[in-house]
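Predicted model only: the values in this text are computed from it and were never measured. Residue indices begin at 1 and follow the sequence shown.
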Amino acid sequence: MGLNLIYLVEDSGGTSRYAHELIPALLECEPGIELTVFVNRDAPSSLLRASWAPRVRWVRTRFGLRPIPWHLPYQLLALPARAAGYRLDLVHGLANVVPLLAPGLRTVVTLHDVTWLHHPDALPERWRGEVMKALSLASARRADRVLAISEAARDDFVATIPLDPSRIDVVPLAVTDGGGARPTPEPELRARLRIGDGPLVLCVAQKRRHKNLHSLIRALAAMAREDVQLVLPGRPTDYEAELRALAAGLGVGGRVHFPDWVSEEDLEGLYAAAACFVLPSLMEGFGLPILEAMRRGVPVACSDRSALREVAGDAAALFDPEDPRAIAASIGRILDEAPYAERLRTAGAARARSFTWQGAARGTLACYRRALAEPR
């Protein structure tokens, strides 16, 4: 089996976590499996140094992803030839792209979502976004099988691309059991990031418009409590500038914090300090951050939309993401009603444990078998 990770760099976000967790789970679930992993020159060192790394064959290109995107022609043209040279029978693209022409080779693609069809601003810079959009749609249509990470995502693919539902396998993502970085102590973190003494509300999300962070800031302004501190970590974008202006205009600028990309230690510290985790997205393919918060014992409030509703189940406070007062009410109840917050804490931890990488690996292997067994 071949895994296409040519796209992977240090800051690949959720797709990087997917690769880091799925590969060892595949090796554990099927010890005899032979994996050939294609990566670029700038692949994350943590991936290449992982304890399981010696158990796979690494094929590393001589180029990185910038400034010239050589990875695109490589994935489309060179990868099939390299796979044939290694006598692979299947290649799995873990992030939306597989070779479009691959004679004698079966292909599986994980299509994480098509949010950008509904919210075009979810795409990166225009030329790169349009290229990735075209390649993602073409890959989904040409692949032998498509992996969706939620039933909501599957239904969206069928309705909007459209795809034949019989070609799609739903394999949810998961969270690890812990053992991560040591959290930065809360007093140190609050002092360094200039976060006030009130309850900390955390939202870990890309700063893009469909993440609906403007409604979260409006919800903060609508709350009766004036000590709540909202923390929105992540790399700055043009949308962040709008959010800062909105917070200042609503009189809550001093209580909305925008730390840049934070270390693993600081992120763990923010989770540990958080009284509530909120994800107000208008659309998600899965919503892994809510499981990450649940695993850490943080009460969660999230949108009653798409995959978020599916992943959260009854273990989160659900709200209409386009109603700031509804968002404020959900957060306020968690902050003010200790028994309710404790119930969400307990239910969330149990919910997170039901999503495992071993289950994801078993579902992925079953998809491979279907792809290999079906006539082309």
Side-chain angles (χ1 to χ4, degrees), residues 1-5 8 14-38 50 52 55-57 79-80 83 86-99 102 104-114 136 139-159 161-177 284-288 291 307 310-311 313 351-376:
M1 304 292 178
L3 300 180
N4 176 16
L5 302 186
L8 202 60
T15 54
S16 178
R17 176 65 58 86
Y18 182 40
H20 276 79
E21 301 294 348
L22 181 63
I23 297 175
L26 291 172
L27 295 169
E28 178 184 343
C29 287
E30 191 153 318
I33 193 171
E34 296 181 359
L35 295 179
T36 298
V37 184
F38 297 88
W52 47 263
R55 297 175 59 190
V56 306
R57 176 198 287 141
L79 185 56
Y86 287 112
R87 298 187 176 182
L88 303 181
D89 47 15
L90 181 147
V91 167
H92 177 192
L94 274 69
N96 306 331
V97 176
V98 288
L105 184 69
R106 299 304 176 96
T107 56
V108 171
V109 63
T110 298
L111 188 60
H112 290 267
D113 61 70
V114 288
S136 297
S139 294
R141 290 171 176 142
R142 295 285 299 182
D144 291 289
R145 296 203 68 80
V146 175
L147 274 175
I149 56 178
S150 67
E151 293 180 6
R154 186 238 358 245
D155 295 345
D156 192 26
F157 301 161
V158 172
I161 294 179
L163 293 180
D164 179 351
S166 68
R167 293 179 48 236
I168 307 173
D169 294 299
V170 177
V171 180
L173 303 182
V175 288
T176 56
D177 295 330
E284 292 283 347
F286 187 78
L288 192 58
L291 284 188
E310 175 184 335
V311 173
R351 185 71 176 170
R353 286 194 297 270
S354 71
F355 292 84
T356 68
W357 284 110
Q358 290 71 29
R362 287 192 292 270
T364 301
L365 290 167
C367 177
Y368 293 170
R369 294 187 186 102
R370 292 188 189 100
L372 292 169
E374 294 172 351
R376 293 193 72 101

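The two residues Leu173 and Phe355 come nearest to each other via the heavy atoms O-CD2, 3.5 Å. The two atoms that bring Pro24 and Ala19 nearest to each other are CD-O, 4.3 Å, heavy atoms only. When every heavy atom of Ala153 is checked against every heavy atom of Gly285, the shortest pair comes out as CB-O, 3.9 Å. Contact between Pro99 and Leu79 at its shortest, heavy atoms only, is CG-CD2, 4.0 Å.
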request  = Evaluate the criterion side-chain contact (heavy atoms from CB on, under 4.5 Å) for residue pair Val56 and Met1; output intermediate values, then yes/no.
outcome  = CA-CA 10 Å; Val56 306; Met1 304 292 178; over 6 Å; no
inquiry  = side-chain contact (heavy atoms from CB on, under 4.5 Å), that's the test. Do Leu111 and Ser136 meet it? Break it down for me.
reply    = CA-CA 7 Å; Leu111 188 60; Ser136 297; 4.2 Å; yes
task = With side-chain contact (heavy atoms from CB on, under 4.5 Å) as the test, would you mind laying out the steps for Trp52 and Ile23 before giving the verdict?
result = CA-CA 9 Å; Trp52 47 263; Ile23 297 175; 3.5 Å; yes
key: Stepwise side-chain contact (heavy atoms from CB on, under 4.5 Å) test for Ile168 and Leu163   = CA-CA 8 Å; Ile168 307 173; Leu163 293 180; 4.0 Å; yes
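For the side-chain contact (heavy atoms from CB on, under 4.5 Å) criterion with Val91, the lone passing option out of Val108, Leu105, Val109 is Leu105. When each of Leu35, Thr364, Leu365 is paired with Glu30, the side-chain contact (heavy atoms from CB on, under 4.5 Å) condition holds for Leu365 and for no other.
Counting heavy atoms from C-beta on, the side chains of Phe157 and Pro162 never come closer than 4.5 Å.
Atom CG of residue Leu90 and atom SG of residue Cys367 lie 8.0 Å apart, to the nearest 0.5 angstrom. In this structure, CD1 on Ile149 lies 8.5 Å from OG1 on Thr110, to the nearest 0.5 angstrom. One distance of note links CZ of Arg55 with CG of Leu26; it measures 10.5 Å at 0.5 Å rounding. Interatomic distance, CG of Leu3 versus CG of Leu22, reported as 7.5 Å (0.5 Å rounding). How far OG1 of Thr107 is from CG of Asp144: 4.5 Å, rounded to the nearest 0.5 Å. We find the CG-CZ distance between Asp169 and Arg369 to be 12.0 Å, quoted to the nearest 0.5 Å.
At least one donor-acceptor pair under 3.5 Å links the side chain of Asn4 to the backbone N or O of Val97. When atom types are taken as modelled, the side chain of Arg351 and the backbone of Val311 share a donor-acceptor pair closer than 3.5 angstrom. Panel note: side chain Arg167, backbone Ala140; a donor-acceptor pair is recorded below 3.5 Å. Glu310 places a side-chain N or O within 3.5 Å of a backbone atom of Glu151 that can act as its donor or acceptor partner. Formation of a donor-acceptor pair under 3.5 Å by the Arg141 side chain with backbone atoms of Ile161 is found in this model. Between the side chain of His112 and the backbone N or O of Leu94, at least one donor-acceptor pair lies under 3.5 Å. Judged by distance alone, the side chain of Asp156 and the main-chain N or O of Asp113 form no donor-acceptor pair under 3.5 Å. Under a 3.5 Å cut-off, the side chain of Arg154 and the backbone N or O of Ala148 do not form any donor-acceptor pair.
The neighbour count for Glu34 CD, taken as heavy atoms of other residues, nucleotides or ligands under 6.0 Å away, does not exceed 12.
Below 30°, between 30° and 60°, or above 60°: for Trp357 and Tyr18 the angle between ring planes is between 30° and 60°, a tilted geometry.
The six-membered or imidazole ring of His92 lies near that of Tyr368, with a centre-to-centre distance under 6.0 Å.
Between Glu374 and Arg145 a salt bridge is recorded (basic side-chain N to carboxylate O distance below 4.0 Å).
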